[in-house]
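A short write-up of the structure that comes next.
When a residue number appears, it is its place in the shown sequence, counting from 1.
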Amino acid sequence: MAPSSYQPPTRGDKAGSSTYSQSAESNLSHTQTTVAKLLEGKGDAVFSVRPNDTIHSVVEILKEKRIGAVVVTDQNGALQGILSERDIVRRMADTPGQTLPQSVEALMTRDVRTCTPDDLLMDVLKTMTEGRFRHMPVLRDGKLWGMITIGDVVHFRLKELEYEALRMKQMIVG
């Protein structure tokens with residue numbers, strides 16, 4: 001009996017098998033995730049203040065609710081601005097000892113970047129990163145619908161990656 005010679009594998013040898021590490025679907029699925037999907041898990045709670053409120057009252061809300069920003073609305077709930085911890089700290093450096101009695105209106109950012117529930121998370125993340133801000137109100141039909149943070153987006157994406165890794169592991173084992 002003559003020994004058989006080695007032959008390298010050819011393309012046809014693996015016709016029935018495929019890998020699960022990457023696919024166009026798994027690589028692109030996160031780019032299709034919307035703000036609405038994130039808010040489904042997070043909830044749509046938004047803390048708002050009025051333009052005439054004091055910075056002291058805002059600081060109390062930020063501390064009590066353990067949040068980093070509040071939206072500023074008028075009496076009808078329409079978005080007027082946003083005020084973050086960072087805004088307050090900067091003003092404290094400019095007016096030491098005189099910041100807490102000032103009005104929200106004096107410190108708030110009026111030109112607020114917003115998103116909609118249908119916006120893609122990756123687009124929102126890019127906007128927040130390029131604009132160097134961490135909080136973005138979500139408007140639906142022009143009305144305040146929620147608030148997302150850059151931390152929410154990162155946390156949501158990490159959960160997606162964990163789920164994808166678990167799914168791939170189950171496919172390989174199963």
Side-chain angles (χ1 to χ4, degrees), residues 27-166:
N27 284 342
L28 295 175
S29 64
H30 69 276
T31 63
Q32 302 304 314
T33 305
T34 63
V35 169
K37 184 75 173 164
L38 183 152
L39 286 177
E40 279 177 22
K42 177 189 177 199
D44 57 4
V46 180
F47 298 98
S48 64
V49 296
R50 298 284 168 81
N52 292 331
D53 290 347
T54 64
I55 298 306
H56 182 268
S57 67
V58 172
V59 168
E60 291 296 320
I61 292 169
L62 295 174
K63 177 184 165 193
E64 179 187 320
K65 303 298 183 187
R66 301 180 59 136
I67 56 175
V70 292
V71 293
V72 184
T73 59
D74 66 12
Q75 67 275 11
N76 299 318
L79 183 65
Q80 301 295 303
I82 190 167
L83 184 63
S84 72
E85 293 169 317
R86 189 178 289 176
D87 297 326
I88 295 168
V89 168
R90 286 183 181 143
R91 181 57 66 97
M92 289 178 116
D94 293 340
T95 60
Q98 302 169 17
T99 305
L100 295 179
Q102 294 180 34
S103 72
V104 167
E105 193 170 28
L107 273 76
M108 71 182 190
T109 299
R110 295 171 190 276
D111 185 22
V112 183
R113 296 293 306 265
T114 62
C115 60
T116 70
D118 296 329
D119 287 341
L120 300 178
L121 281 184
M122 293 307 288
D123 293 341
V124 170
L125 183 60
K126 183 178 179 185
T127 299
M128 293 171 103
T129 302
E130 289 173 355
R132 299 185 58 144
F133 56 89
R134 299 175 293 175
H135 302 86
M136 185 179 276
V138 181
L139 299 181
R140 182 179 194 179
D141 300 323
K143 296 192 187 312
L144 200 52
W145 197 61
M147 171 85 89
I148 62 170
T149 70
I150 201 161
D152 294 334
V153 178
V154 170
H155 179 74
F156 186 86
R157 182 60 187 135
L158 286 174
K159 289 292 183 196
E160 278 186 331
L161 289 171
E162 287 174 9
Y163 175 75
E164 288 173 16
L166 181 63

Checklist entry - Hey, are the side chains of P101 and T54 touching, using non-hydrogen atoms and a 4.5 Å cut-off? => result no

Item to check | Atom pair CG (L125) and CE (M136), whose distance is rounded to the nearest 0.5 Å | outcome: 9.5 Å

Checklist entry - Can you list the residues that meet the salt bridge (charged side-chain N to carboxylate O under 4.0 Å, His left out) rule with K65, with sequence neighbours excluded? => result none

Checklist outcome for this item: Tightest non-hydrogen contact, residues R86 and R132, listed as NH1-O, 3.6 Å

Checklist entry - Is it true that E160 and R157 have a side-chain N and a carboxylate O under 4.0 angstrom from each other? => result yes

Next on the checklist: Using modelled atom types and a 3.5 Å cut-off, is there a donor and acceptor pairing between side-chain atoms of D74 and backbone atoms of N76?
Outcome noted: yes

Next on the checklist: Could you tell me if the side chain of T109 sits less than 4.5 Å from the side chain of L83, heavy atoms only?
Outcome noted: no

Checklist entry - Are the side chain of D94 and the backbone of R91 linked by a donor-acceptor contact shorter than 3.5 Å? => result no

Next on the checklist: With heavy-atom distances below 4.5 Å as the criterion, would you say the side chains of V49 and S57 are in contact?
Outcome noted: no

Next on the checklist: For the NZ atom on K37, are there more than 12 heavy atoms of other groups (residues, nucleotides or ligands in this structure) within a distance under 6.0 Å?
Outcome noted: no

Checklist outcome for this item: NE2 (H135) and CD1 (I82) are apart, to the nearest 0.5 Å, by 7.0 Å

Item to check | Which residues share a salt bridge (charged side-chain N to carboxylate O under 4.0 Å, His left out) with E162, sequence neighbours left out | outcome: K159

Checklist entry - What heavy-atom pair brings D87 and L107 nearest, and what distance separates the two atoms? => result O-CD2, 4.0 Å

Item to check | CD1 on I150 to CZ on R134, rounded to 0.5 Å | outcome: 9.0 Å

Item to check | Note, R50 side chain near T73 side chain (heavy atom, < 4.5 Å) | outcome: yes

Checklist entry - Are P137 and L144 close enough that some pair of their side-chain heavy atoms sits under 4.5 Å apart? => result yes

Next on the checklist: If you compare all heavy atoms of T99 against all heavy atoms of M92, which two are closest, and at what distance to 0.1 Å?
Outcome noted: OG1-CA, 3.2 Å

Checklist entry - Taking all non-hydrogen atoms of both residues, which atom of C115 and which atom of V35 are closest, and how far apart? => result SG-CG2, 4.1 Å

Checklist entry - Going from CG on L120 to OG1 on T127, what distance comes out if it is rounded to the nearest 0.5 angstrom? => result 10.5 Å

Checklist entry - How about K126 and M122: do any of their side-chain heavy atoms sit closer than 4.5 Å? => result no

Item to check | Nearest heavy atoms of S103 and P51, plus distance in Å | outcome: CB-O, 3.8 Å

Item to check | Contact summary for M147 and K42, nearest pair of heavy atoms | outcome: O-NZ, 2.6 Å

